[in-house]
Amino acid sequence: MNKAVILVGGPSRATRFRPLSMHLPQPLFPVGGQPIIWHQIKALSGVDGLREIILIGFFEDHVFQPFLSKCQDEFPEITFKYLREYSQLGTAGGFFHFRDQILRGGPKNIFMLYTDICCSFPLGELLAQHERHGRLGTIMVTKVDRASAHLYGCVVVDHETKLAEHYVEKPETYVSDMASTGVFVFDQEIFQFMARVMEKRAIEFEHERAQESAYGRCDDGDGAQDVNRLRLEQDILRAMAADKKLSAYLCTGFWRQIKSSASAVPANALYLQKASTSDSALLAKPRSGGPELTGAVYIHPSAQIHPTARLGPNVSIHARVVVGPGVRINDSIILDNVHIKDNAAILHAIVGWDGRIGKWGRVEGSKITSADDIDEVTHSGIKLNSICILGKDVHVKDEVFIRNSIVLPHKELASNKHNEVIM
Ligand code: GTP
C-alpha cells in the first residue's frame, strides 16, 4: 500500500499569486479546467496501490472540504484527508509532525508533492525507479536552462547509478542544470532519518541559545517553534544526499512552477495541450455554426458563447461566462461569471470572477517565457511586461485598453492603462 502527501501551504504563502489568491486559495485556482491540486490528485490516482491522499497545510479546516468531497466521489478507491498544521512548519515540518497518521496502515512508499507546480507527473515511472534502486528516497528532477539554474534547488546526479550526489538550494554559481521539481517519493523509514536530523537540530539550537544568553543577546521566544520548522530540501534532502540515501529520477515530460498569478496562464496552456493529446472529454469541439475554435479550448457547459466569437488557442472559459459577438480570446483564463461584450479582445490575460469587459474593450498582456514566473512584478520601479491580470469584480468600460497591468479587485476602469499596478 502507498500513500501521498500534498503540501498546500496556507493563506500567508503564495503572496506572488495575488490578487487572485485574495479570493481563492492558490491550490484551488483552476488551470486546464480544474483546480491546481486536482492535477496532482488525478496523477496519483493512477499509481498502483495508492490508497490515501493527505493534504497538509495551515488553511482553516473548512477550506478544502467541498473540494475533497468532490474528489471522494470522483476517486472512490482513495481516502482523502486534510491535516492542519498548528503553525507554518515548513515543507518538511508538517510531514514529520503528522508521521503517525501518515504511517497508519503501514504504507510502503509515501509520495510528497508540492502544489505550486504543473507537470506531466510520470509517477508510475518515478515509483518503479525508486523501488529498483532501493534508496531511502527519490527526488524527481527536470533539466533547466543553465542560465536560470540558480533560481532552483539544484541536484548533482550520477546518471548511471541515479545517485543524487549533492543538493544545493538556489546556488550562486553553477553546480547542475538538474532542478528539483517538488515531487518526491520516500520509503516509510524516512521518518527515522528525519528524527535523527531533528535530534541534531535540537542540540544545535540548544547550543546557539546557550551562546546567545552567554553574550547577553535577547531571546525572541520563537526558539521552540523554529526547532519544529523544517525545510524538506535544505534540511532533509541535503543530508540524505550527503549520506548517499537519495536517488534522482529525471522527468522528461513538461514541468513548470506556478508561483506568480501570471504563471497560471502557461500552466493552463500545458494542461490543455496535454488534454488535446489524450482522449479527454475536457476540450470543446468545433461545430458548424461556430464559435471559431483554434487549438486547445476549455468551455464550461454553463458558459454562453456567441457563434461569431473566436477562441483559442490555450483558453479556459469558466462557469456562467457570457461571451458576446465578435469577441476574440487567446492564451487566457476567464473566471466564473465574467461578461465580455461585443468585439472585445482578451489576449494573454486572466479576467477575475464577476468581471465586465465593455464593447471594443481590450485586455492584453505579453507572452511570458519559461523562467519569467519567478521574476518580480516590477524592476527598478517599472512594471515588467507580463500577463495582464484583472482581480475579482473589475469593470473595463467600452473601448478602454488595459495593457500589461495588474488590477486589484473591485475597480472600474474608464481610461486606458499601460504597464501599471492598479491598487
Ligand atoms: P520559494 O519557491 O523558495 O520562493 O518559496 P515558495 O513559498 O514559493 O515555495 P516553497 O518551496 O516554500 O513551497 C513549496 C510548496 O510547499 C508549496 O506548495 C507551498 O504551498 C508548500 N509549503 C511551503 N511552506 C509550507 C509550510 O510551512 N507548510 C505547508 N503545509 N506547506 C508549505
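Indexing begins at 1, ligand by ligand and atom by atom, following the structure's order.
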Out of E233, R231, K259, whose heavy atom is nearest to atom 10 (P) of ligand 1? K259
Can you find an N/O atom of E169 closer than 3.5 Å to an N/O atom of ligand 1? no
Nearest to atom 28 (N) of ligand 1 by heavy atom, H97, E85, Q88: which? E85
Does some non-hydrogen atom of R229 fall short of 4.0 Å from ligand 1? no
Is the shortest distance from a Lys or Arg side-chain nitrogen in E52 or R104 to a carboxylate oxygen in the other one below 4.0 Å? no
Heavy-atom neighbours of E77 CD exceed 12 at 6.0 Å: yes
What are the atoms of ligand 1, with element, lying closer than 4.0 Å to any heavy atom of G57? 30 (N)
Considering the heavy atoms of L89, write down every atom of ligand 1 situated less than 4.0 Å from one of them. 27 (O)
Could you tell me which atoms of ligand 1, counted from 1 in the order shown, lie closer than 4.0 angstrom to a heavy atom of I56? 30 (N)
Is the shortest distance from a Lys or Arg side-chain nitrogen in D235 or R201 to a carboxylate oxygen in the other one below 4.0 Å? yes
Considering only heavy atoms of T115, which atoms of ligand 1 have at least one such atom less than 4.0 Å away? 18 (O)
Between Q40 and T115 (side chain of the first, backbone of the second, donor and acceptor by atom type, cut-off under 3.5 Å), is there such a pair? yes
For F58, the ligand 1 atoms with a heavy-atom partner under 4.0 Å come out as 26 (C), 27 (O), 28 (N)
Are a donor atom and an acceptor atom from the side chains of Q129 and S247 found within less than 3.5 Å of each other? no
Look at ligand 1 and say whether G94 reaches it with a heavy atom at a distance under 4.0 Å. no
If you count the non-hydrogen atoms of other residues, nucleotides and ligands that lie under 6.0 Å from CZ in R135, is the total more than 12? yes
Give a yes or no on whether the backbone of G32 and the side-chain of N268 come within a donor-acceptor separation of less than 3.5 Å. yes
I333 and F29: CA distance, side-chain angles, deciding distance, side-chain contact (heavy atoms from CB on, under 4.5 Å) verdict: CA-CA 11 Å; I333 301 173; F29 187 84; 4.1 Å; yes
Lys/Arg-Asp/Glu bridge criterion (N-O < 4.0 Å) met for D116, K259: yes
Judged by heavy atoms only, the candidate from L232, V5, T91 nearest atom 16 (O) of ligand 1 is T91
Considering only heavy atoms, does R16 approach ligand 1 within less than 4.0 Å through its side chain, its backbone, both, or neither? side chain
List ligand 1 atoms under 4.0 Å from V8, heavy atoms only on the residue side. 20 (O)
Aromatic ring pairing H410/H23, orientation class (parallel under 30°, perpendicular over 60°, tilted between): perpendicular
Does only the side chain of K170 get under 4.0 Å from ligand 1, or the backbone, or both, or neither? Count heavy atoms. side chain
With a cutoff of 4.0 Å, is G182 in contact with ligand 1, counting heavy atoms of the residue only? no
